[in-house]
Visitor: 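The structure is given below, and queries will be raised subsequently.
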Amino acid sequence: MKKLLYFSAVVTLAALPLITQAAPAQELPNGTTLKQEMGSVSAKASTIDELDARLRAEATQQGASAYTVTSAFDNNQGVYGTATLYK
(Lines give C-alpha, C1' and ligand atoms only; values in the text may rest on other atoms or scores of the structure.)
Protein backbone atom coordinates (compact mmCIF):
# COMPACT_ATOMS: atom_id res chain seq x y z
CA MET A 1 0.00 0.00 0.00
CA LYS A 2 2.86 2.37 0.80
CA LYS A 3 4.39 1.73 -2.63
CA LEU A 4 1.13 2.66 -4.34
CA LEU A 5 0.87 5.83 -2.26
CA TYR A 6 4.46 6.85 -3.08
CA PHE A 7 3.93 6.06 -6.76
CA SER A 8 0.77 8.21 -6.86
CA ALA A 9 2.56 11.09 -5.16
CA VAL A 10 5.49 10.94 -7.60
CA VAL A 11 3.21 10.83 -10.65
CA THR A 12 1.16 13.76 -9.34
CA LEU A 13 4.22 15.89 -8.61
CA ALA A 14 5.78 15.04 -11.96
CA ALA A 15 2.62 16.14 -13.81
CA LEU A 16 2.30 19.55 -12.10
CA PRO A 17 4.72 21.42 -14.41
CA LEU A 18 2.92 20.05 -17.47
CA ILE A 19 -0.47 21.12 -16.15
CA THR A 20 0.65 24.67 -15.30
CA GLN A 21 2.37 25.21 -18.66
CA ALA A 22 -0.66 24.06 -20.65
CA ALA A 23 -2.93 26.84 -19.36
CA PRO A 24 -3.44 29.74 -21.79
CA ALA A 25 -2.48 33.25 -20.74
CA GLN A 26 -5.27 35.28 -19.15
CA GLU A 27 -5.93 38.97 -19.63
CA LEU A 28 -5.32 41.01 -16.47
CA PRO A 29 -7.82 43.67 -15.40
CA ASN A 30 -6.66 47.29 -15.70
CA GLY A 31 -4.50 48.43 -12.80
CA THR A 32 -3.30 44.93 -11.84
CA THR A 33 0.46 44.92 -11.20
CA LEU A 34 0.99 41.81 -9.08
CA LYS A 35 2.91 39.92 -11.75
CA GLN A 36 6.42 40.41 -13.15
CA GLU A 37 6.57 41.94 -16.63
CA MET A 38 8.42 39.79 -19.19
CA GLY A 39 8.04 41.62 -22.51
CA SER A 40 5.48 42.58 -25.12
CA VAL A 41 3.91 41.33 -28.35
CA SER A 42 2.04 42.88 -31.25
CA ALA A 43 -0.44 41.49 -33.77
CA LYS A 44 -2.67 42.42 -36.71
CA ALA A 45 -6.17 41.05 -37.33
CA SER A 46 -9.48 41.73 -39.06
CA THR A 47 -11.58 42.22 -35.91
CA ILE A 48 -10.93 43.16 -32.28
CA ASP A 49 -11.94 39.66 -31.15
CA GLU A 50 -9.47 38.09 -33.57
CA LEU A 51 -6.78 40.51 -32.37
CA ASP A 52 -7.39 39.49 -28.75
CA ALA A 53 -7.19 35.80 -29.71
CA ARG A 54 -3.91 36.36 -31.55
CA LEU A 55 -2.39 38.32 -28.66
CA ARG A 56 -3.50 35.59 -26.22
CA ALA A 57 -1.99 32.87 -28.42
CA GLU A 58 1.29 34.76 -28.74
CA ALA A 59 1.42 35.33 -24.97
CA THR A 60 0.81 31.64 -24.31
CA GLN A 61 3.43 30.62 -26.89
CA GLN A 62 6.04 32.81 -25.16
CA GLY A 63 5.26 31.28 -21.75
CA ALA A 64 3.33 34.17 -20.21
CA SER A 65 0.72 33.41 -17.57
CA ALA A 66 -1.07 36.71 -18.18
CA TYR A 67 -1.17 39.69 -20.53
CA THR A 68 -2.65 43.17 -20.75
CA VAL A 69 -3.67 44.78 -24.04
CA THR A 70 -1.83 48.11 -24.04
CA SER A 71 -3.01 49.49 -27.38
CA ALA A 72 -5.45 48.65 -30.14
CA PHE A 73 -6.44 50.73 -33.13
CA ASP A 74 -8.42 50.20 -36.29
CA ASN A 75 -7.75 51.63 -39.73
CA ASN A 76 -8.87 50.66 -43.23
CA GLN A 77 -6.30 47.84 -43.38
CA GLY A 78 -7.20 46.01 -40.16
CA VAL A 79 -6.91 46.12 -36.39
CA TYR A 80 -3.46 46.43 -34.80
CA GLY A 81 -2.58 46.01 -31.15
CA THR A 82 0.09 45.38 -28.57
CA ALA A 83 0.08 43.58 -25.22
CA THR A 84 2.41 43.45 -22.22
CA LEU A 85 3.27 39.92 -21.06
CA TYR A 86 3.60 38.82 -17.42
CA LYS A 87 5.13 35.76 -15.73
Side-chain angles (χ1 to χ4, degrees):
M1 187 66 166
K2 281 187 175 181
K3 289 182 182 182
L4 180 60
L5 181 62
Y6 289 131
F7 177 75
S8 297
V10 169
V11 169
T12 303
L13 291 175
L16 282 177
L18 298 175
I19 294 168
T20 58
Q21 289 178 352
Q26 297 180 357
E27 186 169 9
L28 291 175
N30 287 342
T32 304
T33 58
L34 300 176
K35 298 196 176 262
Q36 182 180 1
E37 189 175 320
M38 62 178 276
S40 63
V41 294
S42 62
K44 176 184 174 187
S46 302
T47 65
I48 194 73
D49 290 334
E50 184 182 333
L51 174 67
D52 186 49
R54 287 184 184 203
L55 291 171
R56 178 182 295 117
E58 187 67 28
T60 301
Q61 181 181 9
Q62 292 193 22
S65 63
Y67 69 100
T68 300
V69 176
T70 53
S71 69
F73 60 94
D74 188 1
N75 62 21
N76 293 337
Q77 298 175 346
V79 182
Y80 296 88
T82 60
T84 302
L85 306 181
Y86 298 94
K87 289 183 181 181

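Residue numbers run from 1 in the order of the sequence given.
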Visitor: Tell me whether Val69 is reachable from Val41 by hopping between hydrophobic residues (I, L, V, M, F, W, Y) whose side-chain heavy atoms are closer than 4.5 Å.
Guide: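 As far as the 4.5 Å side-chain criterion goes, Val69 and Val41 are connected within one cluster.
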Visitor: For Glu50, enumerate each residue passing the side chain to side chain donor-acceptor pair (under 3.5 Å) test, keeping only those at least two apart in sequence or located in another chain.
Guide: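 Side chain to side chain donor-acceptor pair (under 3.5 Å) check on Glu50 returns Arg54.
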Visitor: So Phe73 and Leu51, do their side chains get closer than 4.5 Å, heavy atoms only?
Guide: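 No, side chains not in contact.
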Visitor: For the NZ atom of Lys87 and the CE atom of Met38, what is their distance to the nearest 0.5 Å?
Guide: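 One finds 6.5 Å between NZ of Lys87 and CE of Met38.
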Visitor: So how far is it from Leu85 CG to Ser65 OG, rounded to the nearest 0.5 Å?
Guide: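 If I round to the nearest 0.5 Å, the distance is 9.5 Å.
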Visitor: Without swapping roles, check the side chain of Thr70 against the backbone of Thr82 for a donor-acceptor pair under 3.5 Å.
Guide: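 Checked: pair present.
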Visitor: Which heavy atom of Tyr86 sits nearest to which heavy atom of Tyr67, and what is that distance?
Guide: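 Heavy atoms of Tyr86 and Tyr67 come nearest at CD1-CA, 4.1 Å.
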Visitor: Give the cluster check for Ile48 versus Tyr80: same hydrophobic cluster or not, with ILVMFWY residues linked at side-chain heavy-atom distances below 4.5 Å.
Guide: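 Cluster IDs for Ile48 and Tyr80 differ.
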